[in-house]
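Atoms within each ligand, like the ligands themselves, are counted from 1 in listed order. As the structure is a computational prediction, the values presented were derived from the model and not from experiment. In this chain, residues are counted from 1 in sequence order.
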Amino acid sequence: MQFYDHDQIDVLFDAETLQKRIAELGKQITEDFQGQGELVVIGVLKGSFLFLADLIRQIDLPVSVDFLGLSSYGRSFETSGVVRVTQDLSQPIKGKAVLVVEDIVDTGLTMSYLLSNLATRLPKSVHVATLLHKPSRCQVEVPLDYIGFTIPDKFVIGYGLDYKNLLRNLPFIGVNRGDTPPITL
Ligand code: 5GP
């Protein structure tokens, strides 16, 4: 890929490493939800869409997919904790087994809001799968059932995660090196 500055990004997890870990998560989820019927997989937009697409192909169960759009108010790189629903689920989840799929849990504020919001809809159960977890930034403890990778306090980009709404299409997860932007338009 030529459209960004390679020298400004360190690769943290390459495509092969991501797929290997996602296959492990899919196998574990398949075992854990065996015999429970439909599993409603809810992707949190936008960042989770690539992880969700790869994860569900590793889950050997009857899965339905829905999306919830969330966006936090405040500065672009900091979660304010005030979360706005930008797109709601298309179907009720009452009485259903739900798996929330998130790209990254940082402060936990978004996930905490999301779990309270989903609980009001009376699902049978709610579990959470996150590709990345930054425990050092935790402000609210949230139950995370499936974690792809635990990472240090670095701003990561690629594989769904954005830099100013760009770079979601990088096939790997990387870290911006220094202060120079990885992309200029
Ligand atoms: P939290 O509410 O847990 O602090 O943050 C959750 C949301 O903040 C994530 O879904 C993601 O959109 C954004 N976020 C947190 N850390 C990062 C990061 O390192 N890189 C990117 N691109 N987004 C992040």
Side-chain angles (χ1 to χ4, degrees), residues 1 3-6 8-15 17-18 21-22 25 41-55 65-89 98-119 126-185:
M1 286 183 158
F3 68 94
Y4 67 93
D5 188 347
H6 294 239
Q8 293 307 324
I9 300 179
D10 287 323
V11 176
L12 200 57
F13 304 112
D14 64 16
T17 306
L18 290 171
R21 182 70 186 122
I22 291 167
L25 293 176
V41 175
I42 297 179
V44 186
L45 294 173
K46 300 173 188 168
S48 73
F49 73 106
L50 290 179
F51 175 41
L52 181 142
D54 286 335
L55 182 65
V65 176
D66 211 339
F67 291 98
L68 193 69
L70 292 181
S71 128
S72 72
Y73 292 103
R75 287 177 291 157
S76 52
F77 291 163
E78 288 286 338
T79 309
S80 61
V82 184
V83 179
R84 185 166 56 104
V85 175
T86 55
Q87 184 182 314
D88 203 1
L89 297 177
V98 167
L99 179 69
V100 176
V101 174
E102 178 61 298
D103 52 354
I104 184 164
V105 174
D106 185 15
T107 62
L109 292 166
T110 305
M111 187 55 72
S112 168
Y113 169 85
L114 178 58
L115 292 178
S116 334
N117 181 304
L118 293 180
V126 179
H127 292 79
V128 178
T130 184
L131 181 61
L132 303 174
H133 183 214
K134 268 189 216 172
S136 56
R137 300 242 315 154
C138 174
Q139 287 185 31
V140 196
E141 287 286 345
V142 281
L144 303 176
D145 303 281
Y146 307 96
I147 298 172
F149 303 95
T150 297
I151 61 167
D153 182 10
K154 298 242 159 85
F155 189 79
V156 289
I157 49 185
Y159 193 68
L161 290 139
D162 74 309
Y163 175 86
K164 299 188 176 174
N165 219 14
L166 297 171
L167 299 179
R168 294 190 198 273
N169 53 329
L170 298 183
F172 59 86
I173 290 180
V175 179
N176 192 183
R177 199 183 278 176
D179 292 332
T180 313
I183 184 166
T184 38
L185 293 180

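By the criterion of a heavy-atom distance under 4.0 Å, neither the backbone nor the side chain of Met111 is placed next to ligand 1. Using a 4.0 Å cut-off between heavy atoms, Lys154 contacts ligand 1 through its backbone alone, with no side-chain atom that close. Residue contacts with ligand 1 for Asp103 involve side-chain atoms from C-beta outward but no N, CA, C or O (heavy atoms, distance under 4.0 Å).
Those atoms of ligand 1 that come under 4.0 Å of a heavy atom in Glu102, given as number and element, are 10 (O). For ligand 1, the atoms lying closer than 4.0 Å to a non-hydrogen atom of Leu161 are 21 (C), 22 (N), 23 (N). Every atom of ligand 1 with a heavy atom of Lys134 under 4.0 Å away is listed here by number and element: 16 (N), 17 (C), 18 (C), 19 (O). Near Thr107, the atoms of ligand 1 lying under 4.0 angstrom from a non-hydrogen atom of the residue are 1 (P), 2 (O), 3 (O), 4 (O).
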- prompt: Does the pair Leu70 and Val85 meet the rule for a side-chain contact (heavy atoms from CB on, under 4.5 Å), with working shown?
  reply: CA-CA 5 Å; Leu70 292 181; Val85 175; 3.8 Å; yes
message: Before you tell me yes or no, could you show the steps for Phe13 and Leu131 under side-chain contact (heavy atoms from CB on, under 4.5 Å), namely the whole-Å CA-CA distance, both residues' side-chain angles and the distance that decides it to 0.1 Å?
response: CA-CA 11 Å; Phe13 304 112; Leu131 181 61; over 6 Å; no
task: Applying side-chain contact (heavy atoms from CB on, under 4.5 Å), run through Phe3 and Leu167 and close with a yes or a no.
output: CA-CA 9 Å; Phe3 68 94; Leu167 299 179; 3.5 Å; yes
For residues 143-153, please give each side-chain donor-acceptor pair under 3.5 Å, one per line with the distance, not counting sequence neighbours.
unit_1	atom_1	unit_2	atom_2	d
Asp145	OD2	Val128	N	2.8
Tyr146	OH	Asp32	OD2	2.6

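At least one donor-acceptor pair closer than 3.5 Å links the side chain of Asn176 to the backbone N or O of Gln8. In terms of modelled atom types and a separation under 3.5 Å, the side chain of Ser112 and the main chain of Gly108 share no donor-acceptor contact. Thr107 contributes no side-chain N or O that, together with a main-chain N or O of Gln139, makes up a donor-acceptor pair within less than 3.5 Å.
A heavy-atom separation below 4.0 Å is not found between Ile157 and ligand 1.
For ligand 1, the polar-atom distance check against Gly108 finds a nitrogen or oxygen pair separated by under 3.5 Å.
Evaluated by nearest non-hydrogen atom to atom 21 (C) of ligand 1, the leading choice among Ile151, Val156, Leu70 is Val156. Of the options Leu45, Val105, Asp106, the smallest heavy-atom separation from atom 15 (C) of ligand 1 is shown by Asp106.
Around atom NZ of Lys134, more than 12 heavy atoms belonging to other residues, nucleotides or ligands sit under 6.0 Å away.
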